[in-house]
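Have a look at the structure below, then the notes.
So that the names make sense, note that chain A is the first sequence line, chain B the second, and so on, each numbered from 1. Both backbone and side-chain heavy atoms feed into the values below; hydrogens, waters and symmetry mates do not.
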There are 2 protein chains.
Amino acid sequence: MPQPLYRQVAEALRQKITSGDVPPGAQLPSEPELEKRYGVSRNTVRLALTALANEGLVESRQGRGTFVRDRITFTVLASAEEGGSAGHGKDAFVAAVTVHGRKAEQVDFRMEVRTASPEVAARLQVDEGSLVVVRRMRRLIDGRPWSIQESFYPMDVAEGTRLMSPTDISYGTITEMARHGHTQVGYRDEVLSRMPTHTEAAFLGVGTGVPVLEMFRTAYSTERAIRLTINVYAGDSTQLAYEIGDVVAGQEAAQSTEAS
Amino acid sequence: MPQPLYRQVAEALRQKITSGDVPPGAQLPSEPELEKRYGVSRNTVRLALTALANEGLVESRQGRGTFVRDRITFTVLASAEEGGSAGHGKDAFVAAVTVHGRKAEQVDFRMEVRTASPEVAARLQVDEGSLVVVRRMRRLIDGRPWSIQESFYPMDVAEGTRLMSPTDISYGTITEMARHGHTQVGYRDEVLSRMPTHTEAAFLGVGTGVPVLEMFRTAYSTERAIRLTINVYAGDSTQLAYEIGDVVAGQEAAQSTEAS
DNA sequence: CAGTGGTCTAGACCACTGC
DNA sequence: CAGTGGTCTAGACCACTGA
């Protein structure tokens, strides 16, 4: 007995999906149909489909069927926000996405004042329970939900600035902070992977079995931590890229070799 | 109509786990025992346990039982391998982990020669199907599986170096490459989140529902891409950290303020 | 309404673990 | 060896979808 039955069925279906035989968005045969085709019981069929759903390959919708997930992936160059240089007139996200010919939207702006949770307090170097300003938004690419962002500011940084208003700041929040004496000179990102909460899954439009990529970005001036941004991305449609040191020389050298 | 039965059972068990009633590492009641206790069939018990495994809360081991997972998280400063500076006598991973007082191991070394897949070829700037040298290893922290690493080298880079031998290179592969004229000056990381394959889940000791964090690191000399390293980490026990620009000033200023 | 996936039962045998 | 989880069957009824 090589592989268990349900894994053989899963492998057969996986093959059809990755080979393009069943293209993204298409519907798989129904469960009774798969029973007959592979000569197994329905529970075994469901074990196979569960495995594929857990890999993010397919998604089942009650009463409708099981479909091949259509994954578009978008890469964010997360190391590009050097110091304050990205805040030149337009939001970095919109600029980056637009470059790729996609339509970027930022919706559902919200501003709240909360007390700092332990996680937030530690990163912002403020006391737990002290007041912080939270700015929330959701981001869409080509009309599809893509990420949830929350930015936390120490109250004394946000006070008296446009950060207190629940609207987009067209020239960028980094510039707004710099105008008030808080110039960003660097940041630290912490990236982790986890399963989404029910709410997150609902907004990001992912079924169960698709993880999220969570990024904590703590921004610093030469004096202190001035902002914490938490981004939650749909895991299977996002890549974060970081370029450290000199990568341009090696990439350009290769290109010129090709060209010659 | 409240919640489905299996979710009620899952919720009851989840409660006992998060409340500390069943501490990390402890064994849950056996499946027949849970059948009796909750008055449901074994399949329903298993659905509940599967759900908990998918959240990374528990882990089942055949023939032994189901146990509460003990999650330790480890943060890797992924932006620390500046140029070639990390290859100073000892492997960077072992050094970084040892600093934290944990025991790091690298096991199961393997060397293979393969043809480049499209993904590998694109990043290494070589033709698809050309020969590449692959070095594999698995990494443990405190004796527990933690990550799987595969490094790909263009054949002409690896040829005639110790990279061709299936053993650890104590002073680091970056140094070994530098000795043969390929000095690393920078790298690009691509980070994504996905569900593990069955094999990966088995090695990393996570349920099939716990995501993995996958990092593609392409290293460059001033001339070309010289290496591609693919790291697969257990998602719920790993954080990747990147520091961009100057973050030290802001952190130190805060500390001296506290101290004064 | 028929067809889909979601939930659930009551069995069975196998593979692995540790005594 | 007994006890554990892993796999598998053959049913059943329910909830949701779309024609």
Side-chain angles (χ1 to χ4, degrees), chain A residues 1-13 17 22 25-69 198 201-202 205-210, chain B residues 1-13 22 25-54 56-69 196-199 201-203 205-210:
Chain A
M1 354 257 90
Q3 291 280 80
L5 264 182
Y6 79 92
R7 240 182 273 166
Q8 294 179 34
V9 174
E11 181 52 34
L13 293 173
I17 293 169
V22 187
Q27 182 169 7
L28 288 183
S30 73
E31 293 178 358
E33 175 61 28
L34 291 172
E35 275 187 69
K36 276 178 278 181
R37 191 169 310 184
Y38 294 101
V40 298
S41 77
R42 181 156 170 232
N43 273 352
T44 302
V45 167
R46 284 181 65 76
L47 275 179
L49 292 177
T50 300
L52 295 180
N54 281 352
E55 294 167 24
L57 273 180
V58 306
E59 184 183 354
S60 296
R61 280 168 265 177
Q62 180 169 155
R64 298 190 52 193
T66 303
F67 300 82
V68 179
R69 278 176 53 82
H198 194 78
V206 297
T208 59
V210 177
Chain B
M1 60 271 244
Q3 289 280 79
L5 264 181
Y6 79 94
R7 245 183 264 170
Q8 293 179 36
V9 174
E11 181 51 34
L13 293 173
V22 187
Q27 182 169 10
L28 289 182
S30 73
E31 293 179 356
E33 174 61 29
L34 292 172
E35 274 188 68
K36 275 178 279 181
R37 192 170 309 184
Y38 294 102
V40 297
S41 77
R42 182 159 170 231
N43 273 352
T44 302
V45 167
R46 284 182 64 77
L47 274 179
L49 291 177
T50 299
L52 296 180
N54 281 353
L57 275 178
V58 305
E59 179 185 356
S60 296
R61 280 169 265 178
Q62 181 168 155
R64 300 188 49 191
T66 302
F67 301 83
V68 178
R69 269 172 60 81
T197 66
H198 198 81
T199 320
F203 170 74
V206 298
T208 45
V210 176

- Message: Regarding Arg61(A), tell me which of base, sugar-phosphate or nothing describes its non-hydrogen contacts under 4.0 Å with the strands shown.
- Response: sugar-phosphate

- Task: Mind calculating the distance between CZ (Arg42(A)) and C1' (dA12(D)) to the nearest angstrom?
- Result: 10 Å

- Item | Nucleotide paired to dG18(C) in any strand shown, Watson-Crick or G-U, under 3.5 Å | dC1(D)

- Does Arg7(A) have a side-chain nitrogen or oxygen under 4.0 Å from the phosphate oxygens OP1 or OP2 of dT7(D)? yes

- Query: Given that both distances must come in under 3.5 Å, which nucleotide forms a Watson-Crick or G-U wobble pair with dG11(D)?
  - Reply: dC8(C)

- Query: Gln8(A) CD to dT7(D) P: how many Å, rounded?
  - Reply: 12 Å

- When you check the phosphate oxygens OP1 and OP2 of dG5(D), does a side-chain N or O of Thr66(B) lie under 4.0 Å from one of them? yes

- Item | Minimum-distance nucleotide (side-chain atoms of Asn43(A) versus dC8(D), dA12(D), dT9(C)) | dT9(C)

- Query: CD of Glu59(A) versus P of dC16(D): gap in Å, rounded?
  - Reply: 17 Å

- Message: Check whether Gln3(B) reaches the backbone of Gln8(B) with its side chain - one donor and one acceptor, N or O, closer than 3.5 Å.
- Response: no

- Query: Do any side-chain nitrogens or oxygens of Ser41(A) fall under 4.0 Å of OP1 or OP2 in dG11(D)?
  - Reply: no

- Checking Arg69(A) side chain against Gly56(A) main chain: does a donor-acceptor pair fall under 3.5 Å? yes

- Could you tell me the separation between the NZ atom of Lys36(A) and the C1' atom of dA10(D), rounded to a whole number of Å? 16 Å

- Query: Where do Val58(B) and Leu49(B) come nearest, in terms of heavy atoms and distance?
  - Reply: CG2-O, 4.0 Å

- Between dC8(D), dG5(D), dG5(C), spot the one nearest the side chain of Tyr6(A), thanks. dC8(D)

- Message: For a side chain to side chain contact (heavy atoms under 4.5 Å, CB included) check, start with the C-alpha distance between Thr50(B) and Thr50(A), then their side-chain angles and the critical distance, and finish with the verdict.
- Response: CA-CA 11 Å; Thr50(B) 299; Thr50(A) 300; 5.6 Å; no

- note: Glu35(A), atom CD; dG6(C), atom C1'; distance rounded to Å ~ 14 Å

- Message: Using whole Å, what does the distance between atom P of nucleotide dA12(C) and atom CZ of Arg46(B) come to?
- Response: 18 Å

- Query: Which of the following nucleotides, dT9(C), dC16(D), dA15(C), is nearest to the side chain of Gln62(A)?
  - Reply: dC16(D)

- Item | Nearest-angstrom distance from the residue atom CG of Leu49(B) to P of dG5(D) | 8 Å

- Item | Separation of dG3(C) P from Gln27(A) CD (nearest whole Å) | 14 Å

- Item | Polar side-chain atom of Gln27(B) near backbone of Arg64(B) as donor-acceptor pair, under 3.5 Å | yes

- Are any of Ser30(A)'s side-chain N or O atoms less than 4.0 Å away from OP1 or OP2 of dG3(C)? no

- Task: Let me know, please, whether Arg64(A) or Glu31(B) comes out on the 5' side of the other along DNA chain D by nearest nucleotide.
- Result: Glu31(B)

- For Pro29(A) and Thr44(B), take the nucleotide of DNA chain C holding the closest heavy atom to each; which residue's nucleotide lies nearer the 5' end? Pro29(A)

